[in-house]
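As structure tokens, the structure follows; a few thoughts come after it.
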2 protein chains.
Amino acid sequence: MSPGPLGRQKLHELVVDALTARLRAAAGARLPSETQLAQELGVSRATVREALRILEAQGMVRRRHGVGSFVSPRGFVEAGIERLESFSETIARAGYRPSAELLSLSETSVPEEVAAALQAPSPLGFEAQTLYRADGAPILFSVVYVPLGIVRSLQELEGRRHWTSMREFFNQELRRPVRYARLAVLAVAAPEGVAGHLALEPGAPVLVMEGVSYGDDDDPLMFTRAYFRTDKYRFTLVRR
Amino acid sequence: MSPGPLGRQKLHELVVDALTARLRAAAGARLPSETQLAQELGVSRATVREALRILEAQGMVRRRHGVGSFVSPRGFVEAGIERLESFSETIARAGYRPSAELLSLSETSVPEEVAAALQAPSPLGFEAQTLYRADGAPILFSVVYVPLGIVRSLQELEGRRHWTSMREFFNQELRRPVRYARLAVLAVAAPEGVAGHLALEPGAPVLVMEGVSYGDDDDPLMFTRAYFRTDKYRFTLVRR
DNA sequence: CAGTGGTCTAGACCACACC
DNA sequence: GTGTGGTCTAGACCACTGG
């Protein structure tokens, strides 16, 4: 095939971009039929469909069998809780200016349930505590445990300072990208130390997300426990 | 095309079924290549790919570019927080015996922020309070607001008693199926009434999920606010 | 009925992982 | 290089919706 009128990169992604531009304007509008779009853009209908599938997954387009495709009334959908992104990204996406402060790095014996979740043979590992702010106000305090074996020494973990997020550190410096994370969501009373960092009264309700991040080979990379102030920042979630 | 060796129903669904059977046995096993599967099953490669895409979305299969497709080590993945299902289903899926008790049904003026979220012209509507138990222990208390217009009278809402869940009621009795819900997740201190129903001290931390459910035409159907005991039941969530 | 999205095919070439 | 999954095409027919 020839690149067509669109040039390089994946064709259906270019179609996504082309359609995205149209979509910004008209909420609720009807899109041309798939066959029409294919002709207009000079690609096959299958490629148009792949693009529409992506837009539908993003919540930007609604397709109705036998009727047509429409721009979702909401237009752009904010990133939901189900998206794997760094806390900094999450904060930025919510419209705040993110900052992250690495409060401590240490070598420790990780809690028993954490070692179990990490399937770690040894309880030895490293702990990083980070405080995230949105527009300067603390909203998130996280404790990350990395088992010995993923990181060899505290010196290696020092590299974390160069990166704005743990995920970037794993991806860029350790070359062990995080592919997915399996988390539990719960509400707890803020423990003393946590409350202090988040500028809350001890015992105030906080949302906790905790669990394990996995790499390309389904190998456990780290255990994260994050405490959120939900009065300052709310997760949104679309259930389908 | 001819139906092929598989018979009626959607072809790729039959392929999903055929593969699911294989998958139960071997965790971590490698699947034949897409081309091979297509030949074996007598379908096109595109159809095999559609089936694999479904299985991958279900978390049962892992595909790696240039390498092959594999049965996920975890096998079947539990439904996460992102799935739209009734609370009863959620509880059952978590391995408990669910029960739901309709505590009250009344006609009210809905709270202002609820009416706004529902895009309701009138603040008039109906309220249903339900307590859900898992193996007899209360874990979830929900307040649902339905605007006037979706339901006309309290009598109509009485039909709710015949159904185990609000979603079933909407789907079966009102013929207005819920297509998706847009929710916020937060942690709060349990208000007095709620704490009582959940057998908690007032002020104990509870997880709240609240938001609007939408129908086939993106029309707001109801506002739900649900309080969870996360010590008894935890949401799980896979971020990708 | 006409028009839409949904499914399916057969075949081609590309990008990537591994030997 | 060889084999894998990823992308793309051109064309066909099916299933649903709405006038």
Side-chain angles (χ1 to χ4, degrees), chain A residues 1-19 28-57 60-72 175-177 179 215-219, chain B residues 1-19 28-57 60-72 175 177 179 215-218:
Chain A
M1 72 150 213
S2 77
L6 290 170
R8 273 270 67 83
Q9 200 180 356
K10 274 181 289 190
L11 246 189
H12 64 254
E13 286 183 356
L14 293 170
V15 173
V16 166
D17 294 342
L19 292 178
R30 184 208 195 90
L31 287 174
S33 75
E34 297 178 351
T35 310
Q36 269 180 283
L37 283 174
Q39 284 174 353
E40 280 183 40
L41 300 169
V43 302
S44 74
R45 192 181 151 213
T47 300
V48 169
R49 281 181 62 72
E50 180 63 24
L52 286 176
R53 156 180 285 149
I54 290 172
L55 290 169
E56 186 177 38
M60 298 186 48
V61 159
R62 171 80 191 286
R63 295 151 94 189
R64 306 180 68 176
H65 192 173
V67 185
S69 294
F70 303 84
V71 182
S72 284
R175 297 281 161 194
R176 314 259 320 232
R179 192 167 63 84
D216 271 339
D217 302 315
D218 296 303
D219 47 325
Chain B
M1 72 147 220
S2 76
L6 290 170
R8 269 274 62 87
Q9 200 183 354
K10 274 181 289 189
L11 247 189
H12 64 253
E13 286 183 357
L14 293 170
V15 173
V16 166
D17 294 343
L19 292 179
R30 183 207 196 92
L31 287 173
S33 76
E34 296 178 351
T35 310
Q36 269 179 285
L37 283 173
Q39 284 174 352
E40 280 182 39
L41 300 169
V43 301
S44 74
R45 191 182 150 210
T47 299
V48 169
R49 281 180 62 72
E50 181 63 23
L52 286 175
R53 156 179 285 150
I54 290 172
L55 290 168
E56 187 176 37
M60 297 186 49
V61 160
R62 171 80 189 287
R63 295 150 95 190
R64 306 179 68 174
H65 192 174
V67 185
S69 294
F70 304 84
V71 182
S72 283
R175 297 282 162 194
R179 192 167 63 82
D216 270 339
D217 303 314
D218 296 304

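A note on names: the letters A, B, ... follow the listed sequences, proteins ahead of strands, and every chain is numbered from 1. The structure presented is a predicted model; accordingly, all values stated were derived computationally and were not measured.
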Report the distance from atom CG of A:L31 to atom CZ of A:R62, rounding to the nearest 0.5 Å. 13.0 Å
For B:I54 and C:dG6, what is the distance between atoms CD1 and C1' respectively, to the nearest whole Å? 12 Å
Applying salt bridge (Lys or Arg N to Asp or Glu O under 4.0 Å) to A:R176 and not counting sequence neighbours gives A:D219
Just how far is it from atom CG of B:L52 to atom CZ of B:R45, taken to the nearest 0.5 Å? 10.0 Å
Spacing of A:Q39 atom CD and A:L37 atom CG [to the nearest 0.5 Å]: 10.0 Å
Using only modelled atom types and a 3.5 angstrom limit, is any donor from either the side chain of A:R45 or the base of C:dG6 paired with an acceptor on the other? yes
Starting from P on C:dG3, measure out to CG on A:L31 and report it in whole angstrom. 19 Å
Distance, rounded to the nearest Å, where A:E34 contributes CD and D:dC14 contributes C1': 14 Å
Separation of C:dC8 atom P from B:L52 atom CG, nearest Å, is 14 Å
Residue mapping more 5' on DNA chain D - nearest nucleotide basis, B:A46 or B:T35: B:T35
List every contact pair, protein side and nucleotides 16-19 of chain C side both N or O, where the distance is under 3.5 Å.
{"unit_1": "C:dA17", "atom_1": "O4'", "unit_2": "B:G66", "atom_2": "O", "d": "3.4"}

Spatial distance of atom CZ (A:R30) from atom CZ (A:F70) [nearest 0.5 Å]: 4.5 Å
Looking at side-chain heavy atoms only, is the closest gap between A:T35 and A:V48 below 4.5 Å? no
Atom CG of B:L55 to atom P of D:dG5: distance rounded to whole Å? 14 Å
Length of the CZ-P vector between B:R63 and C:dA15, whole Å: 18 Å
Whole-Å distance between C:dG6 P and A:L37 CG? 13 Å
Options C:dT9, C:dG5, D:dT4, nucleotide nearest the side-chain atoms of B:V43: C:dT9
Does A:R53 or A:Q36 map to a spot on DNA chain C nearer the 5' end, using the closest nucleotide for each? A:Q36
Phosphate oxygens OP1/OP2 of D:dG6: is one of them under 4.0 Å from a side-chain N or O of B:R49? yes
When rounded to the nearest 0.5 Å, the distance separating OG of B:S69 from CD of B:E34 is 5.5 Å
Can you tell if the side chain of B:V61 reaches within under 4.5 Å of the side chain of B:V71, non-hydrogen atoms only? no
It should be established whether A:T47 places a side-chain nitrogen or oxygen under 4.0 Å from OP1 or OP2 of nucleotide D:dT9. yes
When rounded to the nearest 0.5 angstrom, what distance separates CG in B:L41 from CD in B:Q36? 11.0 Å
Would you please confirm or rule out a distance under 4.0 Å between OP1 or OP2 of C:dT4 and any side-chain N or O of A:S69? no
Spacing between A:R62 atom CZ and C:dG5 atom P, to the nearest angstrom: 13 Å
Give the intermediate values and the outcome of side chain to side chain contact (heavy atoms under 4.5 Å, CB included) for residues A:R53 and A:E56. CA-CA 5 Å; A:R53 156 180 285 149; A:E56 186 177 38; 5.5 Å; no
How sharply is the helix from C:dC1-D:dG18 to C:dC18-D:dG1 bent, taking the axes over five pairs at either end and rounding to 10 degrees? 20°
What nucleotide among C:dT9, D:dG6, D:dT9 has an atom nearest to a side-chain atom of A:S44? D:dT9
